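Along the sequence shown, residues carry numbers from 1. Treat the numbers as computed from the prediction; the structure is a model and nothing was measured. All ligand and atom numbering here is 1-based and tracks the order in the structure.
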Amino acid sequence: MLIGSVSLICGQNMWTILRSRLLLSGHFSSCDVCRAMSNHASMQSIAKLQERKINKLIFPITDLEKFLGPGVDRTYFRLFNPSIEQIVKAEELFRSSGKHVIDYYTSAVRMDHTPSLTQPEVCFIGRSNVGKSTLIKALFSLVPGLEVRVSKNPGHTKKLNFFKAGKAFTLVDMPGYGYHAPEDFTDMVEEYLQKRQNLKRIFLLVDGSIGLQKSDLIAIEMCEEFAKPYVVVITKIDRPPTGILLTRFLEVQEFIVNKTNGCFPQPFLISSTQYSGVHLLRCFIAHVTGNLPSTS
Ligand SMILES: Nc1nc2c(ncn2[C@@H]2O[C@H](COP(=O)(O)OP(=O)(O)OP(=O)(O)O)[C@@H](O)[C@H]2O)c(=O)[nH]1
Ligand SMILES: [Mg+2]
């Protein structure tokens, strides 16, 4: 899974080149520039920040690692360690263009209502309110006008919602489990997870303040039983104090390594509101769907 690396993650020369490439590149319209500069959604927008801040945004683990002693096993912290160039290239898959249209496709309430699509698919599961829809919204934040509905009220997403990124991949937003889950949740979700042929990866979201709950353990058991590859994403990392987040992260990491077989050993850290970890996750999605270009 280790795909390419950069010596100092963001070596000075690499960033000088990246900055000039991004800022001078013809890929960005003036509208893109305005939007991108107002938040940290794109690599272009963060290229102007200090290197330390860029590092924290792309690799949020950087912020936690510094509190750990030298004895802590860091083997899996950066198992997925793409180069900056790969991250920049992967971002293109999350922009709509004439040839690569990104849009909401359809919704389904049962497996036999799901669209027959052949492109690789990834889906997002987790407790209600954990931030599934908001994460999809952040991933697609570079697509003007794309609506992904989110709510502060748990149980908001009621169907499997399919978002197509051209012919490259499909992202599927799902209803949450636990509090306010739809009554037919099990019928809707289990069969999809078990039988969907083109499903390449399940992203299982866990709240960074709360950590793994009983319902998450049931979901993990289900992924294990169906022998589907899955990944844990720790969400809302902007909320908890660092000590709490670090504890939750280490708990999740230890659980994955010691108690699971099909889970990718590196949990991803995400703040969808601040875009921390979003660039890395875009790149990981490109990777697991077979769309990540090799470095030139
Ligand atoms: N601070 C912060 N809030 C977040 C983040 N992600 C989501 N939220 C908030 O959490 C609430 C729930 O977000 P949703 O994305 O709708 O959650 P969901 O998992 O899709 O919920 P259901 O559809 O009900 O299962 C909303 O109020 C979001 O604004 C984050 O990274 N940071
Ligand atoms: Mg939702």
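Per-residue contacts place Gly176 under 4.0 angstrom from the following atoms of ligand 1 (heavy atoms of the residue considered): 25 (O). Listed by number with element, the atoms of ligand 1 under 4.0 angstrom from any heavy atom of Ser271 are 31 (O). Those atoms of ligand 1 that come under 4.0 Å of a heavy atom in Lys152, given as number and element, are 26 (C), 27 (O). Ligand-side atoms of ligand 1 in range of Ser133: 15 (O), 20 (O), range being under 4.0 angstrom from any heavy atom. Contact atoms of ligand 1 toward Pro154: 24 (O) (distance under 4.0 Å to a heavy atom of the residue). Near Ser272, meaning under 4.0 Å from one of its heavy atoms, ligand 1 places the atoms 30 (C), 31 (O).
Relative to the ring axis of Tyr179, Arg127 does not place its NZ or CZ within 45° and under 6.0 Å from the centre.
Annotation: side chain of His40 is in contact with side chain of Leu49 (closest heavy-atom distance under 4.5 Å). Residues Ile46 and His279 form a side-chain contact, since some pair of their non-hydrogen atoms from C-beta on lies under 4.5 Å apart.
Looking from atom 22 (P) of ligand 1 to the surrounding protein, the closest heavy atom is Asn129 N, 3.6 Å. Ranking protein heavy atoms by distance to atom 23 (O) of ligand 1, first place goes to Thr157 OG1, 2.8 Å. The single protein non-hydrogen atom nearest to atom 25 (O) of ligand 1 is Lys132 NZ, 2.8 Å, given as residue, atom name and distance. The protein heavy-atom contact nearest to atom 29 (O) of ligand 1 is Thr134 OG1, 4.4 Å. Among protein heavy atoms, atom 10 (O) of ligand 1 sits closest to Lys236 NZ, 3.0 Å.
Closest heavy-atom approach to atom 12 (C) of ligand 1 among the candidates Pro175, Gly131, Ser151: Ser151. Nearest to atom 24 (O) of ligand 1 by heavy atom, out of Ser209, Gly208, Gly155, is Gly155.
Here the angle at the Mg ion (ligand 2) defined by OG in Ser133 and OG1 in Thr157 stands at 90°, rounded to 10 degrees.
Heavy atoms from other residues, nucleotides or ligands lying under 6.0 Å from CZ of Arg74 number more than 12. For Lys214, the NZ atom sits in a loose shell: 12 or fewer heavy atoms of surrounding residues, nucleotides or ligands are nearer than 6.0 Å.
Heavy atoms of Val130 approach ligand 1 to within less than 4.0 angstrom.
Residue Arg239 touches ligand 1 through its side chain alone, judged by heavy-atom distances below 4.0 Å. Only the side chain of Asp238 comes within contact range of ligand 1, with a heavy atom under 4.0 Å; no backbone atom does.
Not one N or O on the side chain of Glu251 forms a donor-acceptor pair closer than 3.5 Å with the backbone of Gly211.
Considering Lys137, Lys132, His156 in turn, Lys137 is the only one that fulfils the side-chain contact (heavy atoms from CB on, under 4.5 Å) rule with Val150. With respect to Leu245, the side-chain contact (heavy atoms from CB on, under 4.5 Å) criterion is satisfied by exactly one of Ile237, Leu250, Asp63: Ile237.
In this pair, Tyr192 and Phe162 present their aromatic rings perpendicular. The plane angle is above 60°, beyond the 30 to 60° band.
Taking any N or O of Ser128, backbone or side chain, none lies under 3.5 Å from an N or O belonging to ligand 1.
Taking the ring centroids of Phe77 and Phe249, they lie under the 6.0 Å cut-off.
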- Message: For Lys259 and Leu217: C-alpha separation, side-chain torsions, deciding distance, then whether side-chain contact (heavy atoms from CB on, under 4.5 Å) applies.
- Response: CA-CA 10 Å; Lys259 303 265 165 61; Leu217 301 183; over 6 Å; no

